[in-house]
Amino acid sequence: MEKPALTDHEIHPLIAQRWSPRAFDSKLVETGKLAQLFEAARWASSCFNDQPWAFIIATKDDTVNYQKMLDCIVPGNVVWAQVAPVLGLIVAQKAFKHNGKPNAWGEYDAGQAAATLVLQATALNLVVHQMGGFDATKAIATFNIPETARPIAAIAIGYAGETSNLPADLQERENAPRDRYPSSSFVFTGGWGNSAPFV
Ligand SMILES: Cc1cc2nc3c(=O)[nH]c(=O)nc-3n(C[C@H](O)[C@H](O)[C@H](O)COP(=O)(O)O)c2cc1C
């Protein structure tokens, strides 16, 4: 299902097209396409070019790791995420590589890498659904994530599936209109709360 953003100003079609469906097809993602996704993430910008992100990925054909990953995801997300052929975790390193000092932008940068991956996925006709609903403590233990890194979000990647395969309540959410606050509520000039006139 497509659910393009209804925008107030024209944006690139790729950005408008991206959304976070819960209906996945079980078809595996070609390994070449997976490589492209992480190549895109690799080229995200980051503070000091530290590239403080890591992705832990489990594909459905790797049944043991896939199940381990699914076990880290909260039940409300498992309902739909279990169909996705690729699951993963986005992890941020806590300290800069060049001097070992705390990196205040590590999670920001990991988010940028994830956003870049998501747009590349959209360009490849894949869909991505990111999740805060996962058990970080379990993920750390399951995948030996060191103290020096923090898992930020889980991610489901695959091809779009049929909405009709979702439970009724999720079908309703899937069909609900997408909404956003107006740009004037978050683009300021001159001081906090003063909406910029150009939005
Ligand atoms: C960091 C992050 C965490 C999220 N956590 C969840 C989640 O646990 N479960 C879920 O169904 N959707 C989750 N989402 C998806 C958001 O609900 C979704 O991006 C938002 O409603 C906007 O919809 P759109 O992505 O389709 O534009 C998450 C998205 C992000 C970026």
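In each ligand, atom 1 is the first atom listed, and ligand 1 is the first ligand listed. Along the sequence shown, the residues carry numbers beginning at 1.
- The closest side-chain heavy-atom distance from Gln82 to Asn77 is not below 4.5 Å.
- For the 3.5 Å distance criterion, the side chains of Asn65 and Gln67 fail to qualify, holding no donor opposite an acceptor.
- Taking a cut-off of under 4.0 Å to the non-hydrogen atoms of Gly133, the atoms of ligand 1 that pass are 8 (O).
- Listed by atom number, the atoms of ligand 1 under 4.0 Å from Asn77 heavy atoms are 7 (C), 8 (O), 9 (N), 10 (C), 11 (O).
- At a 4.0 Å heavy-atom cut-off, ligand 1 does not touch Phe134 at all.
- Contact analysis puts Arg180 in contact with ligand 1, with a non-hydrogen atom separation below 4.0 angstrom.
- Short contacts between ligand 1 and Arg178, defined as distances under 4.0 Å to a heavy atom of the residue, involve ligand atoms 24 (P), 26 (O), 27 (O).
- Note that atom 1 (C) of ligand 1 has no protein non-hydrogen atoms nearby, at separations under 4.0 angstrom.
- For Trp19, no nitrogen or oxygen atom sits less than 3.5 Å from a nitrogen or oxygen atom of ligand 1, counting backbone and side chain alike.
- Distance check, rounded to the nearest 0.5 Å: CD of Glu174 to CD of Glu162 gives 11.0 Å.
- For the pair Lys27 and Tyr159, the distance from NZ or CZ to the six-membered ring centre is under 6.0 Å and the angle to the ring normal is within 45 degrees.
- Selection from His129, Met131, Arg173 by nearest heavy atom to atom 12 (N) of ligand 1 gives His129.
- For Phe55 and Phe38, the distance between ring centers is under 6.0 angstrom.
- Within the structure, side chain to side chain donor-acceptor pair (under 3.5 Å) pairs that include any residue of residues 137-151 comprise Glu107-Arg150 (at least two apart or interchain).
- Each of the following atoms of ligand 1 lies closer than 4.0 Å to a heavy atom of Trp80: 11 (O).
- Here Lys3 has no heavy atoms under 4.0 Å from ligand 1, in either its backbone or its side chain.
- Of the protein's heavy atoms, Ser20 OG, 3.4 Å lies nearest to atom 19 (O) of ligand 1.
- Residue, atom and distance of the protein heavy atom nearest to atom 11 (O) of ligand 1 are Arg22 NH2, 2.8 Å.
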Exercise. When you look at Trp80 and Leu170, which way does the side-chain contact (heavy atoms from CB on, under 4.5 Å) test go after all the steps?
Worked result: CA-CA 9 Å; Trp80 53 266; Leu170 292 185; 3.8 Å; yes
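- Of the possible polar contacts, none joining the Gln112 side chain to the Ala44 backbone as a donor-acceptor pair under 3.5 Å is found.
- Distance screen at 4.0 Å: atom 15 (C) of ligand 1 has a protein heavy-atom neighbour inside the cut-off.
- Sparse packing is recorded around CG of Asp8, with 12 or fewer heavy atoms of other residues, nucleotides or ligands lying under 6.0 Å away.
- Looking only at distances, no side-chain donor or acceptor of Gln120 sits under 3.5 Å from a matching main-chain atom of Leu37.
- Of the protein's heavy atoms, Gly132 N, 3.1 Å lies nearest to atom 3 (C) of ligand 1.
- Distance check on atom 8 (O) of ligand 1: some protein heavy atom falls below the 4.0 Å cut-off.
- In terms of protein heavy-atom proximity, atom 13 (C) of ligand 1 is closest to Gln130 O, 3.1 Å.
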